[in-house]
A.B. asks: 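This is the structure I have questions about; it appears just below.
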Amino acid sequence: MAFFLFIWTDWAMQKIADRDITPEEVEEVISHPDRTGISRTTGRPIAIGETSTGRTLLCVYEEIDDSTIQPITAYEI
């Protein structure tokens with residue numbers, strides 16, 4: 001099981017709140033993704049996965065170091 005320290009910006013918190021996504025859902029998907037990749041538009045890492053509530057999210061983030069993640073945004077897909 002992966003363990004990450006998540007650093008949230010006010011901007012990122014607002015972006016996901018606008019989409020009715022919680023920080024806990026984003027952290028869950030990034031920590032336990034079904035798939036990973038790179039965003040075609042930003043070049044940032046992405047994690048795709050299902051939350052414990054059954055929602056499938058695509059989460060965009062920055063890797064600060066091996067154990068520190070800064071979420072950027074997330075979308076329900």
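Computed from a prediction, not measured in an experiment: that's the story for all the values here.
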A.B. asks: Nearest 0.5 angstrom please: I30 CD1 to T36 OG1, how far?
C.D. replies: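 Interatomic distance, I30 CD1 to T36 OG1, rounded to 0.5 Å: 11.5 Å.
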A.B. asks: Is there a continuous path of hydrophobic side-chain contacts, each under 4.5 Å between heavy atoms, that joins I77 to I72?
C.D. replies: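 As far as the 4.5 Å side-chain criterion goes, I72 and I77 are connected within one cluster.
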A.B. asks: Any chance you could measure Q70, atom CD, to W8, atom CH2, to the nearest 0.5 Å?
C.D. replies: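 Rounded to the nearest 0.5 Å, the CD-CH2 separation comes to 10.0 Å.
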A.B. asks: Let's go through I64 and I69 carefully: what are the C-alpha distance in whole Å and the side-chain angles of both, what is the deciding distance for side-chain contact (heavy atoms from CB on, under 4.5 Å) to 0.1 Å, and is it a yes or a no?
C.D. replies: CA-CA 6 Å; I64 305 303; I69 300 292; over 6 Å; no
A.B. asks: First locate atom CG of D20, then atom CD of E25, and finally report the distance between them rounded to the nearest 0.5 Å.
C.D. replies: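 Going from CG on D20 over to CD on E25, the span is 9.5 Å.
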A.B. asks: Please set out all donor-acceptor pairs under 3.5 angstrom arising from side-chain atoms of residues 9-17, sequence neighbours excluded.
C.D. replies:
unit_1, atom_1, unit_2, atom_2, d
T9, OG1, A12, N, 3.0
Q14, NE2, D18, OD1, 2.6

A.B. asks: Go through the structure and list residues passing salt bridge (charged side-chain N to carboxylate O under 4.0 Å, His left out) with E28, not counting sequence neighbours.
C.D. replies: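 Once residues adjacent in sequence are excluded, E28 has no partner under the salt bridge (charged side-chain N to carboxylate O under 4.0 Å, His left out) criterion.
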A.B. asks: Kindly work out whether a path of hydrophobic side-chain contacts (I/L/V/M/F/W/Y, heavy atoms less than 4.5 Å apart) joins I46 to V29.
C.D. replies: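 The answer is no; the residues belong to distinct hydrophobic clusters.
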A.B. asks: Just do the side-chain contact (heavy atoms from CB on, under 4.5 Å) check on T68 and F6 with the steps written out, would you?
C.D. replies: CA-CA 6 Å; T68 309; F6 288 90; over 6 Å; no
A.B. asks: Check whether any side-chain N or O of S31 sits under 3.5 Å from a backbone N or O of E27 as a donor-acceptor pair, and report yes or no.
C.D. replies: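 Checked: pair present.
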A.B. asks: Would you check if C59 and V26 make a side-chain contact, meaning some heavy-atom pair closer than 4.5 Å?
C.D. replies: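 Heavy-atom side-chain distance check passes, below 4.5 Å.
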A.B. asks: Quick one: do L58 and F4 end up in the same hydrophobic cluster if we chain Ile, Leu, Val, Met, Phe, Trp and Tyr together by side-chain heavy atoms under 4.5 Å apart?
C.D. replies: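 Result: no, two separate clusters.
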A.B. asks: According to a 4.5 Å side-chain heavy-atom criterion applied to Ile, Leu, Val, Met, Phe, Trp and Tyr, with indirect links allowed, do I48 and Y75 form part of one hydrophobic cluster?
C.D. replies: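 Per the 4.5 Å side-chain linkage, I48 and Y75 are co-clustered.
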A.B. asks: So how far is it from R44 CZ to E62 CD, rounded to the nearest 0.5 Å?
C.D. replies: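 Taking CZ in R44 and CD in E62, the distance rounds to 4.5 Å.
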A.B. asks: I'd like to know if R55 and E50 make a salt bridge, using a cut-off of under 4.0 Å between side-chain N and carboxylate O.
C.D. replies: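 Not counted as a salt bridge, because no side-chain N and carboxylate O are separated by less than 4.0 Å.
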A.B. asks: State the OG1-CG distance between T56 and D34, to the nearest 0.5 angstrom.
C.D. replies: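 Between atom OG1 of T56 and atom CG of D34 there are 7.5 Å.
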